[in-house]
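Letters A, B, ... mirror the listed sequences (proteins, then strands); counts begin at 1.
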Amino acid sequence: MPHRLSAHALHQLFLSGELSAETLVETTLRRIQLLDGQLGAFLALFEERAREKARLLDKKRQKGEHLGKLAGVPIALKDNIHVKDELTTCASQFLKNYRAPFDATVSQLLEKEDALLIGKTNLDEFAMGASGANSSYFPTKNPWNLSCVPGGSSSGSAAAVSARFCPIALGSDTGGSVRQPAALTGIYGFKPTYGRVSRYGLVAYGSSLDQIGPMTHSVKDMALVMEVIGRHCAKDATSLALPPKPYLQEMERPLKGGRIGVPYDLLSDLSHEMRSHFDEAMKVYQSLGCQIVPVDLGFFRYAIAVYYILATAEASTNLARFDGIRYGLRSKRAKTLEEVYSFSRAEGFGAEVKKRILLGTFVLSSGYQQAYYEKAQAVRTLLIRQLREAFGLCDVIAMPTSPSPAFVPGSNPHPLAEYLEDLYTTGANLTGVPAISIPMGFTHDKKPVGFQIYGPAAQDGRVLAYAHAFEKSTAFSQAIPPGYEGDL
Amino acid sequence: MISQEETDHLIKLCRLDCSEEEKTKFSQHLEKLLQYIDQLREVDTTGVEPTLHVLDGMETPLREDIEGPTLPSADFFRNAPAQTGGMITVPTVLK
């Protein structure tokens, strides 16, 4: 039964003494060991570490000592987030044996609040992908349909929460990598305002776009973990000087009279089924007293192009550190210094990573930098301005998360197919605003679909409030994938 | 649009070793991506400043310049591919 419960329910059961941390860790680990083989959500389990922490927590509770806000809650982290002494592979062969020499700030914050860190989840290599099929170890499957992808790049975190292995998992979102897999697996996925959560200890992909984001099956759990990790960090120079916010309170704010902007122009190519789910979701908000207002986000048609120029440019720089010198793979064939660099990288990186590094290098190379990189930066300004103008007419903006539900890997031969998944999500990373994906139903063939709420910068609480209101009026996020409901 | 020479140059710039087959594949993929991102030419960006800080106007203060704990050498060296006497060993740099 515990696996169906939310984090806050588990926390209460632990505090009351009804459920020991030790029992919870054992049932969590056993469940993963029995069911994850077919799913591929986890790359590593912290068996000893979690058991030790559980024993410590049970002792603390017995002695009446102070316990943190996440005491007793099992949490998984995407394997591009450092947890000291544990492997941090980024699902790449390059970092196959790399053990984190330090803790990410978020890992420290979770530990301080007594969370039970249970393991590292699978991802598209170096967070590059929207499927979960680009891991260099093994692909992750969608718990709702094992022949389909769960989405990516936070594929393992999405699958883990969807399959109820743990109530909370952290992912990272650069162009939609928390929100899109959340939509495809029927859970909540949140990308906070840029700078709200520390990037210290997150392996960088696109530094001006990356944010660590939680994935949960309850909005209250989302607010709970955001209270813990949403704070200024002195080790992240892009961290916002905002005080921590009481998100658990802010999410309860009523929406009456709230105005929701919808960019109808961007919805014209949606399938009939997706469009009708989205329209139904808007009707739910209308029944709660909200007003739907059309807004113009015409420039967002260019968001994918802007994203793929800026993200790959930043990635080509960020991944230059993987040179075979100080850590990671060093090719055994290398005899010269040049060979250390190029053989190690050739052996260590998968095809998608290489493609993006090449594109990023191209758009930054002399002769092309102005036409591509600087152009993209200017269009980014237009996106930011247009979004700000749109927020002058409404409180939040709604749009679908992904144009399509979970797909069979390799089924779309279009070379840019996976890139076009990011149509509705990249806008939030390019403009820095908070955005959440919310489950809105299922397709005729039982695949989850989701929509997003975008908020103005630093209005993370408002976004959570809109998600919570929808959650209270619907039951989509309570559905558990068949095969994962039973007790073990 | 992108010549084999240009692809070779790029591959050298990013220090990636590639087989001939991979070079052709990457070149083709790059071509398709460039065709897609070329649509940005349609956008009039005359007089538009490039975005340098995504949340312009929001504060991201620098910390105080105070000494504090950093990464201990021992922790760092645990991942070193080759080391000797507290230094990373590499092939000859200068001949």
Using heavy-atom distances under 4.5 Å, tell me whether [X] contacts chain B through its side chain, its backbone, both, or neither.
| X | answer |
| --- | --- |
| A:Ala334 | neither |
| A:Ala234 | both |
| A:Ile384 | side chain |
| A:Glu338 | side chain |
| A:Asn97 | backbone |
| A:Arg301 | backbone |
| A:Leu383 | neither |
| A:Ser331 | neither |
| A:Leu420 | side chain |

Flag the one option from [options] with the top tally of heavy-atom pairs under 4.5 Å to chain B.
| options | value |
| --- | --- |
| A:Leu382, A:Asp236, A:Thr193, A:Thr312 | A:Leu382 |
| A:Ala346, A:Ala378, A:Ala351 | A:Ala378 |
| A:Ala241, A:Ser365, A:Ser208, A:Ser342 | A:Ser342 |
| A:Leu329, A:Asp323, A:Val340, A:Thr361 | A:Thr361 |

Which region of [X], side chain (C-beta onward) or backbone (N, CA, C, O), has a non-hydrogen atom less than 4.5 Å from a non-hydrogen atom of chain A, or is it both or neither?
| X | result |
| --- | --- |
| B:Glu22 | side chain |
| B:Leu30 | side chain |
| B:Glu49 | backbone |

Check for a donor-acceptor pair, side chain of [X] on one end and backbone N or O of [Y] on the other, with a separation under 3.5 Å.
| X | Y | value |
| --- | --- | --- |
| A:Lys335 | B:Pro91 | no |
| A:Thr381 | B:Val48 | no |
| B:Asn79 | A:Pro101 | no |

Any idea which of [options] has the most non-hydrogen atom pairs under 4.5 angstrom with chain A?
| options | answer |
| --- | --- |
| B:Met58, B:Gln39, B:Gln83 | B:Gln39 |
| B:Pro61, B:Pro81, B:Ala82 | B:Pro81 |
| B:His9, B:Glu42, B:Arg78 | B:Glu42 |
| B:Thr89, B:Thr7, B:Leu52 | B:Thr89 |

Hey, what do you get for NZ (A:Lys375) to CD1 (B:Ile37), rounding to the nearest 0.5 Å? 12.5 Å

Quick one: does [X]'s side chain get under 4.5 Å of [Y]'s, heavy atoms only?
| X | Y | result |
| --- | --- | --- |
| A:Thr431 | B:Leu55 | no |
| A:Arg326 | B:Phe76 | yes |
| A:Tyr372 | B:Asp38 | yes |
| A:Phe362 | B:Leu33 | no |
| B:Leu40 | A:Val306 | yes |
| B:His53 | A:Tyr194 | no |

What closest approach, in Å, do B:Thr92 and A:Leu337 show between heavy atoms, and which atom pair accounts for it?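 Distance-wise, the nearest heavy atoms are O-CB, 4.3 Å.
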
If you compare all heavy atoms of A:Gly432 against all heavy atoms of B:Val54, which two are closest, and at what distance to 0.1 Å? N-CG2, 3.7 Å

Set out, in order, the CA-CA distance, both residues' side-chain angles and the distance that settles side chain to side chain contact (heavy atoms under 4.5 Å, CB included) for B:Leu34 and A:Leu359, then state yes or no. CA-CA 8 Å; B:Leu34 291 175; A:Leu359 178 61; 4.0 Å; yes

May I ask you to list the residues in residues 62-75 of chain B that approach chain A closer than 4.5 angstrom, counting heavy atoms only, ordered by number?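 Interface residues of residues 62-75 of chain B: B:Arg63, B:Leu71, B:Asp75.
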
Contact listing (chain A partner; residues 10-18 of chain B; heavy atom under 4.5 Å):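 The stretch touches chain A at B:Leu10, B:Ile11, B:Leu13, B:Cys14, B:Arg15, B:Leu16, B:Asp17.
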
Counting heavy atoms not belonging to [X], are there more than 12 under 6.0 Å from its [atom1]?
| X | atom1 | value |
| --- | --- | --- |
| A:Lys84 | NZ | yes |
| A:Lys96 | NZ | no |
| A:Arg388 | CZ | no |

For B:Thr45 and A:Gln377, what are the C-alpha separation, side-chain angles and deciding distance, and is it a side chain to side chain contact (heavy atoms under 4.5 Å, CB included)? CA-CA 10 Å; B:Thr45 52; A:Gln377 283 185 303; over 6 Å; no

